[in-house]
> 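What follows is a single structure, and I will ask about it in a moment.
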There are 2 protein chains.
Amino acid sequence: MGAVAERLGVTPMALYRHVVNKADLLDGIVELLLTEFPAPTLEDPWTERLSRLAEAIRATAQRHPGVFALLLQRPATTRAARGARDSVYLALREAGVNEERVAHTERLISTAILGFAVSEVAGRFKDHSRRQLDADFERLQGMLAQFIDSEVAEGRRA
Amino acid sequence: MGAVAERLGVTPMALYRHVVNKADLLDGIVELLLTEFPAPTLEDPWTERLSRLAEAIRATAQRHPGVFALLLQRPATTRAARGARDSVYLALREAGVNEERVAHTERLISTAILGFAVSEVAGRFKDHSRRQLDADFERLQGMLAQFIDSEVAEGRRA
DNA sequence: ACCTGAACACCGTTCAAGT
DNA sequence: ACCTGAACACCGTTCAAGT
């Protein structure tokens with residue numbers, strides 16, 4: 001509260017006119033983080049859109065290392081969270097994932113990417129070089145692409 | 001500090017004889033969390049060992065929801081962390097993963113599982129039923145098994 | 001060697017009072 | 001309508017003093 005108030009040139013008490021408490025303020029920050037992710041588009045192929053989204057998530061984590069971990073701790077039920085999720089839903093449908101499989105596929109993909117991004121900025125990979133982490137992230141995306149393929153294949157079989 | 005001290009029937013100040021500060025105490029807690037994971041064995045097939053480890057990680061998260069997220073925030077360089085990692089290394093080698101691929105494969109697997117477990121206990125999946133989460137976790141393991149297979153295949157090709 | 005009381009800095013929060 | 005000062009509870013930490 002103190003840091004935010006100072007940036008606004010105001011005392012901490014002034015904030016309570018605008019947020020109910022610290023948790024509420026943090027929820028607002030999470031909402032802002034989510035708006036940094038690119039909005040759903042239809043122009044490019046879905047593979048490209050998903051990998052751009054993945055990179056954007058990672059970049060947002062690096063820009064806001066102190067708060068990014070909150071994304072794992074708040075239920076993704078807000079408007080901005082819904083927007084980010086819809087972006088993935090759209091791509092998955094376009095990839096050919098069955099409608100009943102879209103939701104859980106998105107959950108796994110998002111979890112894996114958020115988990116990596118949080119680990120990276122929160123310090124779990126502190127001893128690894130940037131090159132190594134870039135390579136890992138690339139492979140992570142490969143794993144997820146492969147997973148999407150298998151979901152599509154399983155859907156066709158049903 | 002207060003809560004720990006109370007459980008020990010002692011004042012908070014007494015703790016400073018045993019830990020240098022709160023961060024140090026939290027590091028110790030993380031170390032304890034890691035020891036809850038099953039030690040490496042060679043008895044059962046590696047697939048079974050990995051899935052037992054995955055379940056153990058998830059169960060530990062559920063037992064200690066207040067501190068489990070710390071696992072993403074501390075570099076995995078302590079003795080207990082090394083032990084947990086070696087357990088996975090062993091299984092991956094047995095699966096046929098090339099030696100130069102073992103490390104990054106472990107990183108991706110651990111990240112995905114920790115990311116899921118943290119999301120679950122930290123509240124991100126608050127609106128999902130237990131059944132749904134169980135099914136998701138099952139699928140997550142399927143995805144990782146598939147990933148290991150592909151790593152083995154790529155290793156053979158090289 | 002280990003623990004405690006007093007004390008301090010810091011931080012989230014409330015509330016009456018100011019403009 | 002919005003901000004502030006005073007005040008409070010809480011918490012991590014230090015240190016001299018106790019056993």
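Please read these numbers as outputs of a predicted model, since none were measured by experiment. In what follows, every heavy atom counts, from backbone to side chain, and hydrogens, waters and symmetry copies are set aside. Here is how names work: the chains are called A, B, and so on, in the same order as the sequence lines, proteins then strands, and each is numbered from 1.
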> Taking 4.0 Å as the cut-off, does a side-chain nitrogen or oxygen of A:His18 come that near to OP1 or OP2 on D:dC3?
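Yes.
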> Could you check which of C:dC3, D:dT13, D:dT4 has an atom nearest any side-chain atom of A:Met13?
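The nucleotide sitting nearest to the side chain is D:dT4.
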> Quick one: A:Leu15 CG to C:dC11 P, roughly how many Å, whole number?
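Taking CG of A:Leu15 and P of C:dC11, I get 14 Å after rounding.
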> Between C1' on C:dT4 and CG on B:Leu8, what's the gap in Å once rounded to a whole number?
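After rounding, the reported distance stands at 15 Å.
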> Please report the distance, rounded to the nearest Å, between CD in A:Glu6 and C1' in D:dC3.
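Going from A:Glu6 (CD) to D:dC3 (C1'), I get 17 Å.
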> Can you check the A:Arg17 CZ to C:dA16 P distance for me, whole Å?
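It is 13 Å, rounded to the nearest whole Å.
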> Applying a 4.0 Å non-hydrogen cut-off, can you work out what B:Met1 is touching in the nucleic acid: base, sugar-phosphate, or nothing?
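Here B:Met1 touches the backbone only, sparing every base.
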> Would you say the side-chain atoms of A:Arg124 pair up with the backbone N or O of B:Ala76, donor to acceptor, closer than 3.5 Å?
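It does not hold such a pair.
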> Ignoring backbone atoms, test whether A:Thr11 places a side-chain nitrogen or oxygen under 4.0 Å from the OP1 or OP2 oxygen of D:dT4.
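Answer yes for this pair, as a side-chain N or O of A:Thr11 is under 4.0 Å from OP1 or OP2.
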> Report the distance from atom OH of B:Tyr16 to atom P of D:dA16, rounded to the nearest whole Å.
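The distance from OH of B:Tyr16 to P of D:dA16 comes to 17 Å, rounded to the nearest Å.
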> With no hydrogens and no angle check, is any side-chain donor or acceptor of B:Glu31 less than 3.5 Å from a backbone partner on B:Ala80?
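It does hold such a pair.
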> If only atom types and distance count, is the side chain of A:Asn98 paired as donor or acceptor with the main-chain N or O of A:Glu100 below 3.5 Å?
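Pair absent, no side-chain N/O of A:Asn98 close to backbone of A:Glu100.
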> Can you tell me the distance, in whole Å, between the NZ atom of B:Lys22 and the C1' atom of D:dT13?
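From B:Lys22 NZ to D:dT13 C1': 12 Å.
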> Atom CG of B:Asn21 to atom P of D:dT14: distance rounded to whole Å?
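Computing the B:Asn21:CG to D:dT14:P distance gives 8 Å.
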> Could you identify the nucleotide paired to C:dC10, looking across every strand shown and requiring Watson-Crick or G-U wobble geometry with both distances under 3.5 Å?
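Here C:dC10 is not engaged in any pair, so there is no nucleotide opposite it.
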> For D:dA1, give the paired nucleotide (Watson-Crick: N1-N3 plus N6-O4 or O6-N4; G-U: N1-O2 and O6-N3; both under 3.5 Å), or none.
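Here D:dA1 is engaged in a pair, and the nucleotide opposite it is C:dT19.
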> Evaluate the ring pair (Phe, Tyr, Trp, His ring centres under 6.0 Å) criterion for residues B:Phe125 and B:Phe116: first the C-alpha distance (whole Å), next the side-chain angles of each, then the deciding distance (0.1 Å), finally the verdict.
CA-CA 9 Å; B:Phe125 296 147; B:Phe116 185 93; 5.4 Å; yes
